[in-house]
Amino acid sequence: MNGDIKCKHIMIKNWRLVMDGRMHRFPLRILGTPHISEAGCRQILSPRIQAATLMAQHRTQTTKAVIFDLGGVVVPSPLAAFLEYERKLGLPKGSISRTVVESGDSGAWNRLERGELTLSEFADKFTEDVSARAGKRADMSGLLTYIGNGLTTPHQSIIDAVKSLRIEGLKTALLTNNWAMEGEGPNRIMDRDLFDVIVESSKVGTRKPERRIYEICLQQLDVKPEESVFLDDLGVNLKAAKAMGIRTIKVTDPDKAVLDLEREVGGLCLRRFVDGTTTVPEHLRIPMDRLETFFNQKLNLHSTEPPVLRCFQHGQSNPTYYVYYAGQHLVLRKKPPGKLLPSAHAVEREFKVMNAVGQFGVPIPKMYGLCEDSSVIGTPFYIMEYCKGRIFKSLHLPGMTYQERRDIYFAMADTLCKIHQVDISKAGLDDYGKKGGYLKRNIVRWSKQYEASKTEEIEAMNKLMDWLPKHLPEREAVTIAHGDFRLDNLIFHPTKPEVIGVLDWELSTIGDPITDLCTCLLNYYMPANFPMITSFQNMDVASLGIPSVQEFMDIYCQRMGIPSIPSWDFYVAFALFRFAAIIQGVYKRAISGQGSAPNSKLVGEFAKLMAEEGWKIASNSNLRPTVSMAGGGIQLGNTGGKRNYSTSSEGAVNQMTVSPKGLSPRAKNLYDKVKDFIEKEIKPAESEVMEFYRQEQNCWKVCPTVNRLKEKAKAAGLWNLFLPKEADPEMKLGAGLTNLEYAFMCEEMGKVPLSSEIFNCQAPDTGNMEVLVRYGSEQQKRQWLTPLLNGEMKSCFGMTEPKVASSDATNIESSITRERDHYVINGHKWWTSGALHPNCKICIFMGKTDKSAATHRQQSMILVPMDAPGVKIVRPLSVFGYLDNPAGHAEVIFENVKVPLDNMLLGEGRGFEIAQGRLGPGRIHHCMRLIGNTERAMELMLERTQNRVAFGKPLAAQGTIQQDVAKSRVEIEQTRLLVLKAAHMMDNYGNKVAAPEIAMIKVAAPNMALRVIDRAIQAHGGGGLSEDFILAGMFSWARVLRLADGPDEVHLRSISRQEYRKYNLSKL
Ligand SMILES: Cc1cc2nc3c(=O)[nH]c(=O)nc-3n(C[C@H](O)[C@H](O)[C@H](O)COP(=O)(O)OP(=O)(O)OC[C@H]3O[C@@H](n4cnc5c(N)ncnc54)[C@H](O)[C@@H]3O)c2cc1C
C-alpha cells in the first residue's frame, strides 16, 4: 500500500472517535482498540474530520441550530386526539380546540402549559371552560391521559433528521408547549439526549407563540435567530418565530418536512440515519443514476425513489456507504477515487476473503456482489447486506452488566478462533498471501518504513529493530489473519452476545494468527498516559467483567486446541513496534506535506511512547533468542544466538561443558572450594549429625554442629549458591552462578545430603527465596527475603491439600478472602515441608481469591507468618518412617488467619504465574543432587562389594554385581547429561524453552536414582535397609521425588503434549 497516495484521500480508518454526536475539535480522545493501520494513524491528524467540519460549516453557514416542535412534528399532532375525545363525549366537532383558542391566556389550557395549574386543577377548570362553550357538562379529566397515550411513537423520519443534524455538528432543540407530568414529559416518548436543548413551556412559564419562550430557546442554544430553523405544524407559532428572524418550516407531512429541512441546511443528508454515518462528502460522491441502473440490472432492485446514500464516518480507508434502496438496507464499499497503487485498497481481495470465510462459519454480512468495472461508479466496489446490530465503540461497554461484558468479549474470542480455523485450501484462499515468514516480512517492512520516515533518533525503535528479528518465534502458525481484529470491527446481534458480522478485512492476508490475538489485546499494553487510545493498564477492568489477557488467551487456546502461546512478549513488542512505525510515517508526512497540520508534534511523541512501551516489554521479557527444539536438539534459529548476558561458562558460546574441568576459572574455583568444604567439614560431621537426630529429644531441634558448619560456610563465601545469575544478575544476593555451574556443585552436595542445608541451599527455602526475589515487593523482600538469605529463618510452601488431588493445582480449595484492610485465610494443607522447623517463620500459601475467575486466575499466593493466630500444625508426616526432621513435612490447618493486604504476592489471581516461575531452577536442584546421591551409592556399592565375600569370593567378582555396577554407571552418565542439558538450556534459552528438558529430568533422575540406589542396597544385604547406611534414607528421598515435585505422570503428560504440539505445528 502506498501511504502517500492514501494520504491524499484523507480517509479515516480504523480508529473510532468518541463522537457524542458532534464534531470535536482537537485534542480528540479516541476510544477503541489501538489500531495499527496507517489510515488509522492519519486520523490522529484527522484531515477528513477537519474537511468534513469545514464542509459542514460552509454548507450550513447560516444554520447552526434546528428547533423542533413536539406534537405535530416529532410525534403526531394532539389535534387528532381532541377530535376523538370530542366524539367520545358526544361534543360538537372542534369544541376543544375552539375552547383552547378562545379562552386565550386566562383559559385553563394556556395556564396549564405555562405551569400555572396542576393537573387536577386543570381538569376542573378546563371542564368548566369546555362545558360553558358546549352548553352541557363535558368531563375533561381524562383528556390529557388520552392525548398522552396517542403520542407515544415519534416520526422516524424526524428522529433520523435530528440524529443526522447532530452528527453533522448542528445543534438541535425541542421547543414544546406541554404540561408538567410528574417528571415525565417528553421522556416518556423519546430519549431526551437526542436534543442539545429542551425547552418546556410548563417549566419556563411561557408558551409558544410568546416571544419569551423562543428567546429562552435561542439563548440556551447560543445561536442568533437567523442561524436557526424552526419546524412546527401551527402557523401561529411559526409566525411568531419568523417575526424574530428565525427561518421556519411548516410541517404537514414529516417526510416532506425533512426534505425541506435538507435544503435549508445546505444539502446535508438527513434521511435514513445509521449510526456513524454522515452526508457523503463532495469528493466521495457517486453518480446516483449509474448506481441505480446497477441496482436495477445486476441486483434486480427497483424503486420509484432514488437511493439514499450516507457515508460511514470511521474505519474506512476504503470509502463505505450505507445505501437504502427499494426497501433494502445495503452497504457499498469501494476504492477511493484517484490514482492508486495496484495493490492498494483492494476491495476485490476483501470481497474474495469475506465471501470465502463466510462459507466456513465466520460471521460475515451477506455478500451481494462485486463490480470490478470502474466505469460504473468510478472505481470497483462491492455490495453487501447492512447488518443491523450493535457496534461497541467504547471498550468498557458502558451500561452493561459484569456478565454481559464477559459474554461480549468471549464471543469476540470465539469469532477470532472461527477466522483462524478456516481451512485455507478448502476456502480457495491458497493464493491469498504467502504462507510463512509473515513476521519476518513485516519486521523488515516496518523497519524500512520507519527508517524512511525517521525525524529523530528513537532509541527504543533501534533497540526493537535489533531485538525483534533475534526473537522471532520458533514456529509461526499459518492461518487467515484478519489484520485488524478489534471489538469495534465486529457487529453484535442487537440483543444477544453473538457476533453477526466481522468487518474491515482490508489488512487481511495469510499470516500469523497470534498477531490478530495481540491486536485485540493491545489496550492492555498501552501506556496508561497515552492520550488517544484506551489503556487498560491502570483500570480495574476485571471488576467490570472484561477478561484479562490471560483469560482471553485461555479461551482462545482452548478453542484453538493449543496448549499455550509461546513468545507472547514478542508479539506484543512487535505490535507496538509496528504501531510506532506507522505513527512515525504519519508524523513525517504531516510535517513535510502538511506542515501546519494540528497536533503533528503530538503525533511524533506518540511514536516514541509506543516504541518505549514496546521496548519495555521486550527488555523485561524472559524470551531467549530463537532456538528450534525439533528433534529434541538445540539448533539456533535463523537469528538465534546466545542471550546477551550469557550465563553459561564464560567464552563457551552455546557449548555445554560436561565436566567441572570445563567451568570458568571463577566457577571452577568455587566448585573446588565447595567440594573441599564438603569433603573436609561436612562429610566428617555427617554421622555426628545423624546420631544427634537419632535421639528422640532432639527430634525438632537444630543440631549445633549444623549451625556451626553454616557459619563456617557463610564465612568462606560458600553461601546462597543456588540463586541463579538470571535472578540476581548483579550478584548482590548470591554467588551469581549459572544453572550449569551450580549443577556440578549441587552434585557434590548430593553426595553428602546435609550439605545443601549448610550452604543455605535447602528446599523449600531456595524456591521460596527465588519467588521473593522475582515477585516480592520491596517491603516483602526486606521482611522475609533478607533473613532467609542470611539463614536467620526458614520457610515453607503450602499448596498441597489432603482433600483434593493437588497434582492438579487448579483443584485446591483453600480460600484467601479480602476483607477491608486484610485477607482472611482458610485452608487445610499437608506435606508442607519445613513447617516443623523451629525456625520456620513464613509460609508461601496458595489459595483461591476468586473462584469465579478463569481456571488459572483463581489462585493467588500470599505470605502467611507461621506465628499468626489460626495457624495450627496438626502433625508431622513421615516418609517410610523418616520424619526428615527437623524441617519435617507437616499437616497444617489455617483457620481464619488474618494477614495484611501487603502480604499478597504479585497480585490477586497471579498464583499460577508465580508457580510457573517457581518451577524453574529450584526444581532441578533435586535432580542435580540425585546425581550426587547415586554417585555416593555407587561409591558405597563398590566399596562394599570389594570387601564382602560370599561363596568364596568378593561380591565384586559376581557377574550380576558387575552388571549392576555397569548398568548404574550407564544410567548415571545418561541422566547427568540430561540434567546438564536442562541447566544449559535454562541458562541460554530460558526456563520456558527448557521446559521439556526440565520435565524430562524430573522424571528421569528420581527413577534412575531409585534403580541405582536399589542395586546398592541389594549389594549391602540387610544392612542396606537399615539406618546404619545412608542408602535407605537416599532411597526414600528418591522415591519422594517421584511425587513431591509433581508426580511423574504430570511431567510425562506435559512432555507428550509438547511432542504432539511440535508435530502438529510442523504440519501447519
Ligand atoms: C515428602 C514430600 C514433600 C512434599 N513437600 C511439599 C511442600 O513443601 N509443599 C506442598 O505444597 N506440597 C508438597 N508435597 C506434595 C506433593 O507436591 C504432592 O504430593 C504432589 O503434587 C501430588 O499431589 P497429591 O499428593 O495430591 O496426589 P494426587 O493429585 O492425588 O495424585 C495421585 C496420583 O495420581 C496420578 N496422576 C495425577 N495426575 C495424573 C495425570 N495427569 N496422568 C496420570 N496420572 C496422574 C499420579 O500417579 C499421582 O501420583 C510433598 C510431598 C511429599 C511426599
Next item on the list: Answer yes or no: is there a donor N or O on one side and an acceptor on the other, between the side chain of E404 and the main chain of T401, under 3.5 Å?
Entry: yes

Check: Would R247 and T62 count as a side chain to side chain contact (heavy atoms under 4.5 Å, CB included) if you check the C-alpha gap in whole Å, the side-chain angles of each, and the deciding distance to 0.1 Å?
Finding: CA-CA 10 Å; R247 282 169 289 137; T62 51; 3.7 Å; yes

Notebook entry, point to check: Are side-chain N/O atoms of T99 and D129 paired as donor and acceptor at under 3.5 Å?
Noted result: no

Next item on the list: Applying side-chain hydrogen bond (donor to acceptor under 3.5 Å, both in side chains), name anything that partners T849, two or more places apart in sequence or on another chain.
Entry: S860

Note to self: Check this for me: does any side-chain nitrogen of one of R111 and E116 sit under 4.0 Å from a carboxylate oxygen of the other?
What the structure shows: yes

Note to self: Rounded at 0.5 Å granularity, tell me how far CZ in F126 sits from CG in D124.
What the structure shows: 13.0 Å

Note to self: Test side-chain hydrogen bond (donor to acceptor under 3.5 Å, both in side chains) on D540 and S543; report intermediate values, then the result.
What the structure shows: CA-CA 6 Å; D540 184 11; S543 68; 3.2 Å; yes

Notebook entry, point to check: Thinking salt bridges, do R133 and E102 make one under a 4.0 Å N-O criterion?
Noted result: yes

Item checked: Main-chain N/O of E385 paired with K366 side-chain donor or acceptor, under 3.5 Å -> no

Checklist line | Between SG on residue C387 and NE2 on residue H329, distance to nearest 0.5 Å | finding: 12.0 Å

Next item on the list: Could you tell me whether a side-chain N or O of R405 sits under 3.5 Å from a main-chain N or O of I546, the two making a donor and an acceptor?
Entry: no

Note to self: Quick check for you: to the nearest 0.5 Å, what is the distance between L165 atom CG and L170 atom CG?
What the structure shows: 5.5 Å

Margin query: How long is the straight-line distance from CD1 of I391 back to CG of N489, given to the nearest 0.5 Å?
Written below: 8.0 Å

Check: What residues form a side-chain contact (heavy atoms from CB on, under 4.5 Å) with V199, not counting sequence neighbours?
Finding: L175, V197, V204, I213, I216, C217, Q220

Margin query: Check this for me: does any side-chain nitrogen of one of K64 and D222 sit under 4.0 Å from a carboxylate oxygen of the other?
Written below: no

Margin query: I need the N177 CG to D232 CG distance, nearest 0.5 Å.
Written below: 8.0 Å

Checklist line | Listed partners of S852 passing side-chain hydrogen bond (donor to acceptor under 3.5 Å, both in side chains), at least two apart | finding: D850

Next item on the list: Take I246 and V229 through the test side chain to side chain contact (heavy atoms under 4.5 Å, CB included) and record every step on the way to the result.
Entry: CA-CA 6 Å; I246 301 172; V229 182; 5.8 Å; no

Check: Tell me, do L70 and L174 make a side-chain contact under 4.5 Å, heavy atoms counted?
Finding: yes

Checklist line | Donor-acceptor under 3.5 Å (T206 side chain, R212 main chain) | finding: no

Next item on the list: Determine, step by step, whether L91 and K136 satisfy the side chain to side chain contact (heavy atoms under 4.5 Å, CB included) criterion, reporting the C-alpha distance in whole Å, the side-chain angles of both residues, the deciding distance to 0.1 Å, and the verdict.
Entry: CA-CA 9 Å; L91 295 172; K136 65 167 191 171; 3.8 Å; yes

Next item on the list: Kindly indicate whether the side chain of L395, heavy atoms from C-beta on, has any atom under 4.5 Å from the side chain of R486.
Entry: no

Margin query: Run the side-chain contact (heavy atoms from CB on, under 4.5 Å) test against P307 and tell me which residues pass, sequence neighbours left out.
Written below: M288, E292, F295, L309, V323, Y325

Checklist line | Approximate separation, where rounding is to 0.5 Å, of I158 CD1 and T172 OG1 | finding: 12.0 Å

Notebook entry, point to check: For the side chain of S535 and the backbone of M526, is there at least one donor-acceptor N/O pair under 3.5 Å apart?
Noted result: yes

Checklist line | Donor-acceptor contact present, side-chain E168 to main-chain T279, <3.5 Å | finding: yes

Compile the donor-acceptor pairs under 3.5 Å between side chains in residues 490-497 and protein atoms, sequence neighbours left out, one pair per line.
{"unit_1": "H493", "atom_1": "ND1", "unit_2": "T495", "atom_2": "N", "d": "3.0"}
{"unit_1": "H493", "atom_1": "ND1", "unit_2": "T495", "atom_2": "OG1", "d": "3.3"}
{"unit_1": "H493", "atom_1": "ND1", "unit_2": "K496", "atom_2": "N", "d": "3.0"}

Note to self: Among residues at least two apart in sequence or on other chains, which ones pass side-chain contact (heavy atoms from CB on, under 4.5 Å) with K242?
What the structure shows: T248

Next item on the list: Ignoring hydrogens and angles, state whether a donor on the side chain of S201 or R207 is under 3.5 Å from an acceptor on the partner side chain.
Entry: no

Next item on the list: Please list all pairs passing the side-chain hydrogen bond (donor to acceptor under 3.5 Å, both in side chains) test where one or both residues lie in residues 83-97, with sequence neighbours left out.
Entry: E84-Y146

Margin query: I'd like to know if E128 and K125 make a salt bridge, using a cut-off of under 4.0 Å between side-chain N and carboxylate O.
Written below: no

Next item on the list: Please identify each residue that fulfils side-chain hydrogen bond (donor to acceptor under 3.5 Å, both in side chains) with T304, with sequence neighbours left out.
Entry: none

Check: Under 3.5 Å, is there a donor-acceptor pair between the side chain of S103 and the main chain of V100?
Finding: no

Item checked: Test item: side-chain donor near acceptor, R137 and S131, under 3.5 Å -> no

Check: Between the side chains of T63 and E227, does any donor sit under 3.5 Å from an acceptor?
Finding: no

Notebook entry, point to check: Going by heavy atoms in the side chains, are V251 and D69 under 4.5 Å from each other?
Noted result: no

Notebook entry, point to check: Can a salt bridge be assigned to the pair R333 and D504 using a cut-off of 4.0 Å between side-chain N and carboxylate O?
Noted result: yes

Margin query: If the condition is side-chain contact (heavy atoms from CB on, under 4.5 Å), which residues does D260 pass it with, not counting sequence neighbours?
Written below: I249, K256, R263

Check: For Q219, what residues pass the side-chain hydrogen bond (donor to acceptor under 3.5 Å, both in side chains) criterion, not counting sequence neighbours?
Finding: none

Notebook entry, point to check: Would F230 and F68 count as a close aromatic pair, with their ring centres under 6.0 Å?
Noted result: no

Margin query: Looking at E113 and K208, is there a salt bridge between them, counting it only when a charged N and a carboxylate O are closer than 4.0 Å?
Written below: no

Solution key, residues 265-276 side-chain donor-acceptor pairs under 3.5 Å, sequence neighbours excluded:
{"unit_1": "R271", "atom_1": "NE", "unit_2": "E262", "atom_2": "OE2", "d": "2.9"}
{"unit_1": "R271", "atom_1": "NH2", "unit_2": "E262", "atom_2": "OE1", "d": "3.3"}
{"unit_1": "R272", "atom_1": "NH2", "unit_2": "Y324", "atom_2": "OH", "d": "3.3"}

Item checked: Heavy-atom pair of closest approach, residues T127 and S141 -> OG1-N, 4.1 Å

Next item on the list: Give the C-alpha distance, both sets of side-chain angles, the deciding distance and a yes or no for side chain to side chain contact (heavy atoms under 4.5 Å, CB included) between M412 and F410.
Entry: CA-CA 5 Å; M412 179 180 176; F410 287 146; over 6 Å; no

Check: Taking only residues two or more places apart in sequence, or in another chain, which ones meet F82 in a ring-ring contact (aromatic ring centres under 6.0 Å, His included)?
Finding: W109

Next item on the list: Would you indicate whether the side-chain heavy atoms of L218 and I67 approach each other to under 4.5 Å?
Entry: yes

Margin query: Treating Y321 as the side-chain partner and L330 as the backbone partner, does any N or O pair qualify as donor plus acceptor under 3.5 Å?
Written below: no

